[in-house]
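Chain letters run A, B, ... following the sequence lines, proteins first and then strands; every chain starts at 1. Treat the numbers as computed from the prediction; the structure is a model and nothing was measured.
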2 protein chains.
Amino acid sequence: MTQDKSAKKDDFDLQEFLPYLLNRAAEESSLEFQQVYKDRYGMLRTEWRVLFHLGNYGEMTAKEIGERAKIHKTKVSRAVSKLEQRRYLARNRDTSDRRVEQLTLTSAGQTVYRDLRLVAEAYDTKLAGLFSRDEAELLRKMLRRLAHMD
Amino acid sequence: MTQDKSAKKDDFDLQEFLPYLLNRAAEESSLEFQQVYKDRYGMLRTEWRVLFHLGNYGEMTAKEIGERAKIHKTKVSRAVSKLEQRRYLARNRDTSDRRVEQLTLTSAGQTVYRDLRLVAEAYDTKLAGLFSRDEAELLRKMLRRLAHMD
DNA sequence: GCTTGTTAGTTACAAAATCAACTATTACTC
DNA sequence: GAGTAATAGTTGATTTTGTAACTAACAAGC
């Protein structure tokens with residue numbers, strides 16, 4: 001039985017399958033940034049996402065973060081707790097609806113956010129540098145389309 | 001304090017950050033296919049990846065699968081065990097090196113693979129249909145570059 | 001041929017993600 | 001306004017992942 005691991009038996013090739021390619025690219029491109037927020041601040045993926053949402057868009061409720069970032073409420077809840085423990089964010093009970101908490105970054109949280117944002121910017125520039133300006137722009141547009149973010 | 005959740009305070013926007021966009025697109029585009037292999041066969045992500053590697057490229061060792069798919073050996077080991085339990089794959093000790101096992105799909109495994117491959121093909125066509133032919137091709141090329149698969 | 005190092009794969013324990021059930025509060029309906 | 005439904009957020013039990021240590025087999029040096 002002849003084995004040929006580069007070609008395939010039929011017209012399907014796993015390496016061309018978009019969900020597979022997207023996942024591989026996402027994993028690979030997350031590694032370097034993950035290293036920074038993990039090593040430097042002991043944060044998890046959901047935690048930096050919450051931090052960035054507050055840093056980038058301002059005061060927001062846990063629910064809003066979950067909807068915008070497509071993160072399940074239990075994950076948001078736990079990330080918020082941890083960020084609060086570390087004094088990176090503060091909760092404020094909404095006076096008109098006491099179920100709701102408005103979340104904001106403390107100044108410590110803002111400092112962390114600004115630091116990580118610099119890293120993110122530099123890393124994004126590096127990744128985009130793999131392509132021409134037009135290609136990079138098109139890539140973002142296509143990814144937004146795939147993610148239903150447009 | 002004025003809040004404006006669409007614009008940002010500075011020139012960084014989370015929604016344009018490539019690792020974030022890639023992850024969001026990857027997650028979103030995996031959902032529909034995941035539903036199928038999960039509901040129809042009770043498989044996990046690593047399991048279909050292993051199944052597809054064997055189905056697509058033929059006999060292979062656990063180590064090879066791990067290298068090609070960038071999956072850690074413990075995850076591969078567990079996926080192989082589960083696929084073996086379900087009689088989707090068979091292990092064959094290599095006679096020249098008894099540490100190694102050659103893995104192949106059983107005919108039941110091939111049936112499952114063929115079924116899922118049809119679903120994958122149709123789904124890939126649907127996703128690629130969001131773009132022009134040239135754009136879709138460029139997208140795959142860029143993703144391969146980002147994933148270091150070229 | 002015996003020590004030392006390396007490799008393929010597994011297992012055990014800790015960390016994290018998922019899912020369901022829960023509390024507290026508000027909204028709706030009659 | 002009492003009773004039911006809905007919502008924001010939390011907690012607990014289960015599943016899955018990640019990390020490290022392990023076994024078994026082979027390789028290399030002497």
Side-chain angles (χ1 to χ4, degrees), chain A residues 23-24 26-28 30-35 37-39 41-51 53-54 59-86 89-104, chain B residues 23-24 26-28 30-31 34-35 37-39 41-51 53-54 59-86 89-104:
Chain A
N23 272 287
R24 291 287 306 267
E27 281 162 26
E28 190 65 40
S30 298
L31 274 180
E32 201 170 318
F33 184 58
Q34 180 181 29
Q35 223 50 48
Y37 63 70
K38 198 177 156 194
D39 292 354
Y41 300 105
M43 286 205 279
L44 256 31
R45 214 171 64 125
T46 310
E47 289 157 24
W48 83 256
R49 285 200 185 183
V50 168
L51 186 90
H53 271 263
L54 295 174
E59 187 174 66
M60 211 180 287
T61 69
K63 196 198 174 203
E64 278 182 283
I65 296 175
E67 282 165 355
R68 284 169 160 265
K70 280 231 170 179
I71 307 176
H72 193 270
K73 60 179 182 173
T74 62
K75 266 165 100 175
V76 175
S77 172
R78 282 170 173 134
V80 167
S81 295
K82 209 157 160 200
L83 291 171
E84 190 195 23
Q85 274 176 35
R86 305 223 168 125
L89 68 75
R91 311 163 108 122
N92 275 317
R93 276 268 168 238
D94 191 314
T95 45
S96 68
D97 183 346
R98 298 212 320 281
R99 288 171 303 185
V100 173
E101 316 181 299
Q102 295 295 337
L103 307 170
T104 47
Chain B
N23 272 287
R24 292 286 308 266
E27 280 161 27
E28 189 64 41
S30 297
L31 274 180
Q34 181 181 29
Q35 223 48 48
Y37 64 70
K38 197 177 157 194
D39 292 353
Y41 300 106
M43 285 203 280
L44 257 31
R45 212 170 65 126
T46 310
E47 289 158 24
W48 85 255
R49 286 200 184 180
V50 168
L51 185 91
H53 271 263
L54 295 173
E59 188 174 67
M60 212 180 287
T61 68
K63 195 199 173 202
E64 278 182 283
I65 295 175
E67 282 166 355
R68 285 170 160 265
K70 280 230 171 179
I71 307 175
H72 194 270
K73 60 180 181 173
T74 62
K75 264 166 101 175
V76 175
S77 173
R78 291 194 256 245
V80 167
S81 296
K82 207 155 161 203
L83 291 171
E84 191 195 23
Q85 275 176 34
R86 304 222 168 127
L89 68 74
R91 310 163 110 123
N92 274 317
R93 278 267 167 238
D94 191 314
T95 45
S96 67
D97 183 346
R98 298 210 321 280
R99 289 171 301 185
V100 173
E101 316 180 300
Q102 295 295 337
L103 306 170
T104 47

Quiz prompt | Contacts of A:S30 that satisfy side chain to side chain donor-acceptor pair (under 3.5 Å) - sequence neighbours left out | solution = B:N23
Quiz item: How close or far is atom P of C:dT18 from atom CZ of B:R45, stated in whole angstroms?
Solution: 11 Å
Quiz item: For A:I71, does its backbone N or O pair with a side-chain atom of A:R49 as donor and acceptor, under 3.5 Å?
Solution: no
Practice problem: List for me each residue that meets side chain to side chain donor-acceptor pair (under 3.5 Å) alongside A:Q34, sequence neighbours excluded, and say none if there are none. | Solution: none
Quiz item: If you walk 5' to 3' along DNA chain D, what is the first nucleotide with an atom under 4.0 Å of a heavy atom in chain B, and what is the last?
Solution: D:dT16 to D:dC26
Self-check item: For A:T104, all residues meeting side chain to side chain donor-acceptor pair (under 3.5 Å), sequence neighbours excluded
Solution: none
Quiz item: Among all residues two or more places apart in sequence or in another chain, which pass the salt bridge (charged side-chain N to carboxylate O under 4.0 Å, His left out) test with A:E28?
Solution: B:K70
Exercise. Identify, between A:T95 and A:K82, the residue whose nearest nucleotide on DNA chain C lies closer to the 5' end.
Key: A:K82
Exercise. Can you sort out the partners of B:K63 under salt bridge (charged side-chain N to carboxylate O under 4.0 Å, His left out), two or more places apart, ordered by chain and number?
Key: B:E67
Self-check item: With B:E47 via salt bridge (charged side-chain N to carboxylate O under 4.0 Å, His left out) - residues at least two apart
Solution: B:K82
Every protein N/O within reach of nucleotides 7-10 of chain C N/O, cut-off under 3.5 Å:
residue	atom	partner	partner atom	Å
C:dT7	O2	B:R99	NH1	2.9
C:dA8	OP1	B:K63	NZ	2.8
C:dA8	OP2	B:K63	NZ	3.4
C:dG9	OP1	B:E101	N	3.2
C:dG9	OP2	B:K63	N	2.7
C:dG9	N7	B:K73	NZ	3.2
C:dG9	O6	B:K73	NZ	2.9
C:dT10	OP1	B:R91	NH2	2.2
C:dT10	OP2	B:S77	OG	2.6
C:dT10	O5'	B:S77	OG	3.4

Exercise. Hey, could you give me each pair passing salt bridge (charged side-chain N to carboxylate O under 4.0 Å, His left out) that has a residue in residues 72-81 of chain B? Not counting sequence neighbours.
Key: none
